[in-house]
Amino acid sequence: MATAVDEDLKAPASPEVEEPARRRIGQKPPIEELLYYANIQRESYKDGPDVEHTSKFNQILHWADEKTKEVPADVTVTPLDLDDSISEREKEKLNAHRALRTASWAAMFYLITTDILGPFNAPYAFSTIGYVGGVFLYALFGIGAGYTSLLLLYMYLRLDSDRFPVRNYADLVEVVAGPIARRFATAGQSIQLIVIVATVILGNGQALFQITQSKLCFIVAVLIFGLLGMFIGQIQSLKNVAWIGSVSVYLNVSVILISIGFFANSPPNYVGANAAYGLPIDPPAPIQHVAIVDGTLANKVNGAMNMVYAWGGMMIFPEMMAEMRRPMDFWKAIACAELVIMIVYVMYGIVGYSLQGQYVLPLAYQGVSKYAWQSVGNAITLLTVTIAGTLYSNIGVKVACKIFVEDMLKGPTLVSKKGRVIWTVMVVFYWALAFIIASSIPQVQTLQGLIGATFLMQYSYTFPPLMQFAFDVIVDATKADPAYVPGQPLNRIDTWKDMSRWKRVRGACNSMKYKFHTDIQGLFTGRVWFKWMNFILAVAGAATACLGIYGAAITIQVTFANGAATSFGCAAPV
């Protein structure tokens, strides 16, 4: 009986067979080679901790059934100090990648929940769509996010190895779309991350400005958090970021509970709602809450996009997996985090909207009339949002170091002494750039909506199923090629320029209806229904992103027309 391993590897993973001397890093290897070493890497995890808790998941993925494998469980990649076929610099890179693998799935759970900048816009999202649309869309986007997260995990485990590590989102893109697509993916991720950090600085500066009752110049308040980010951002390992991330999770929950108590014992912030929406103050209109809200398309789209952001952290998931001891356990972090996020967001959204109705503010805890109660929420979220910014800057700096230091300048890795100095300089520069963006464009939070729809939606809902579709097609096309043997040239019988290769992909799909019960050919590969389902999901994600861009553009037009703040000025945006 053929198996996924038989189809993908076509050769026994013998540790005696070694690849001859050639450059392995900075050069995209063929898909057969990536699959071969990734399989060996997965086998090596069996000797790691908590293996008894992962066997069921591995069996589901058809990777842990040793009876159907030719690869023994104790196979490992040849130690680097015995492998003379790679340079010292390449050995340093690979050992540095291994040294970063320290985080557990529990740490990743805290990072995923920290990744979300707080559920404080959930009541606002409900106010734009209503109870029915709010619950339905949160559930729909949550299910979609869970599915696309598992697709990223699946591709990561099929491709990552010590020899050819997958360290970021762009590495996955390159496998299925080539180096040019990788550059675009890296650029989009970098833009999104730096704007998020700028939004963090701006939001914290605005909160401090309100706490001091406008007695502190706004640009000074923003500068304070830019400098604080430079200090906290020196934490290099995601494992260590997770420690403070756990604090952020509990603080966010405390703000939710406290603000709900404030909502129940205080009228809405009519002044703030009047400034934001033009709603009447004297006398205020009765609080309204409905199942389905009537409103403009742009307003409803903005509400939906606020819900998307609750699940839009997939752009940094591969970076998280790259620092785990056992990345195959990442599914546990996804499941627990999504369950918590769903419960917290929906509960807070329903309660906040029920108590404040149309007067709810985008940051719900600021929607109470008493200044002291507003200050409590502002003070706590100053810390939680800063921690979230630290996480994004950590990933952003690592992406920048990979591009500008390791690849372009052929510099040291981040775990070396020189690398740590470079890390310090890059962190300071990163937060300084974010400060400049936040100060020069005080309405940057509106740009976040546009960039989120342009990039974040794509990385979360469009690219993962599209990459899975391409990955399945590429792997199917290798079925008739000669067996891959390490150290020997790879000779394919045809190329993508030949119709025969495309026919073979179609033939592999069609053959599944005859072999479905006897040979599954891998978890996903060869299932035509699965491939085209992913393709349709990718198109749907792109269409939703276009709606988000439309809604964000309308919001930006209105905000810039009515905004009073100036670049590098003392006046706050609101």
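Source: prediction; values computed, not measured.
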Checklist entry - Would Y392 and V200 satisfy side-chain contact (heavy atoms from CB on, under 4.5 Å), going step by step from the backbone distance to the final call? => result CA-CA 10 Å; Y392 281 106; V200 166; 5.8 Å; no

Enter the distance from [X]:[atom1] to [Y]:[atom2] here, rounded to the nearest 0.5 Å.
{"X": "Q236", "Y": "T424", "atom1": "CD", "atom2": "OG1", "value": "8.5 Å"}
{"X": "S259", "Y": "L363", "atom1": "OG", "atom2": "CG", "value": "11.0 Å"}
{"X": "R158", "Y": "L153", "atom1": "CZ", "atom2": "CG", "value": "12.0 Å"}
{"X": "I256", "Y": "M347", "atom1": "CD1", "atom2": "CE", "value": "5.5 Å"}
{"X": "L34", "Y": "M155", "atom1": "CG", "atom2": "CE", "value": "13.5 Å"}
{"X": "L157", "Y": "R326", "atom1": "CG", "atom2": "CZ", "value": "10.0 Å"}

Look only at the side chain of [X] and the backbone of [Y], and say whether a donor-acceptor pair between them is shorter than 3.5 Å.
{"X": "Y461", "Y": "F141", "result": "yes"}
{"X": "N121", "Y": "Y124", "result": "no"}
{"X": "T384", "Y": "N252", "result": "no"}
{"X": "W431", "Y": "G229", "result": "yes"}
{"X": "S439", "Y": "I436", "result": "no"}

Checklist entry - After noting the C-alpha distance and the side-chain angles of Y169 and Y156, does the key distance pass the side chain to side chain donor-acceptor pair (under 3.5 Å) rule? => result CA-CA 9 Å; Y169 201 109; Y156 180 89; over 6 Å; no

Next on the checklist: If you apply the rule side-chain contact (heavy atoms from CB on, under 4.5 Å), what do you find for F469 with L151, and how did you get there?
Outcome noted: CA-CA 10 Å; F469 173 82; L151 290 183; over 6 Å; no

Item to check | K398/E323 salt bridge by N-O under 4.0 Å criterion | outcome: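 Yes, E323 and K398 are salt-bridged.
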
Closest approach of [X] and [Y], non-hydrogen atoms and distance?
{"X": "L361", "Y": "G367", "result": "CD1-CA, 3.8 Å"}
{"X": "R182", "Y": "V173", "result": "N-CG1, 4.1 Å"}
{"X": "P123", "Y": "A364", "result": "CG-CB, 3.7 Å"}
{"X": "M426", "Y": "A400", "result": "CE-CB, 3.5 Å"}
{"X": "M320", "Y": "M324", "result": "O-CG, 3.4 Å"}
{"X": "T186", "Y": "Y459", "result": "N-OH, 4.4 Å"}

I want to check something: taking the side chain as every heavy atom from C-beta on, are [X] and [Y] in contact at a cut-off of under 4.5 Å?
{"X": "L391", "Y": "L238", "value": "yes"}
{"X": "I194", "Y": "Y430", "value": "yes"}
{"X": "I244", "Y": "I235", "value": "yes"}
{"X": "V427", "Y": "S393", "value": "no"}
{"X": "I40", "Y": "D162", "value": "no"}
{"X": "P465", "Y": "T148", "value": "yes"}
{"X": "Q189", "Y": "F455", "value": "no"}
{"X": "E319", "Y": "R167", "value": "no"}

Checklist entry - Does the side-chain contact (heavy atoms from CB on, under 4.5 Å) test come out yes or no for L202 and T199, once each step is laid out? => result CA-CA 5 Å; L202 185 65; T199 305; 5.6 Å; no

For [X], enumerate each residue passing the side chain to side chain donor-acceptor pair (under 3.5 Å) test, keeping only those at least two apart in sequence or located in another chain.
{"X": "S246", "result": "none"}
{"X": "Y365", "result": "T381"}
{"X": "Y138", "result": "none"}

Checklist entry - Checking side-chain contact (heavy atoms from CB on, under 4.5 Å) for the pair M467/V175: CA distance, chi angles, key distance, verdict? => result CA-CA 9 Å; M467 289 192 297; V175 172; over 6 Å; no

Item to check | Residues F330, F317; criterion ring pair (Phe, Tyr, Trp, His ring centres under 6.0 Å); working and verdict | outcome: CA-CA 9 Å; F330 191 70; F317 279 7; 5.3 Å; yes

Next on the checklist: Quiz question: by atom type and distance under 3.5 Å, do the side chains of Q192 and Q458 form a donor-acceptor pair?
Outcome noted: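 There is no such pair (donor and acceptor under 3.5 Å, judged by atom type) between the side chains of Q192 and Q458.
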
Checklist entry - Checking side chain to side chain donor-acceptor pair (under 3.5 Å) for the pair N534/Y147: CA distance, chi angles, key distance, verdict? => result CA-CA 10 Å; N534 284 325; Y147 176 73; 2.5 Å; yes

Item to check | CA sep, side-chain torsions, deciding dist, call: Q41, D160, side chain to side chain donor-acceptor pair (under 3.5 Å) | outcome: CA-CA 7 Å; Q41 184 72 28; D160 175 69; 5.1 Å; no

Next on the checklist: Can you confirm whether more than 12 heavy atoms, excluding those of I180, are under 6.0 Å from its CD1 atom?
Outcome noted: no

Next on the checklist: Between Y110 and S248, does the side chain to side chain donor-acceptor pair (under 3.5 Å) criterion hold? Intermediate values first, please.
Outcome noted: CA-CA 8 Å; Y110 286 116; S248 174; over 6 Å; no

Checklist entry - Would you call the rings of F471 and Y154 parallel, tilted or perpendicular, where under 30° means parallel and over 60° means perpendicular? => result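 Correct class here is perpendicular.
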
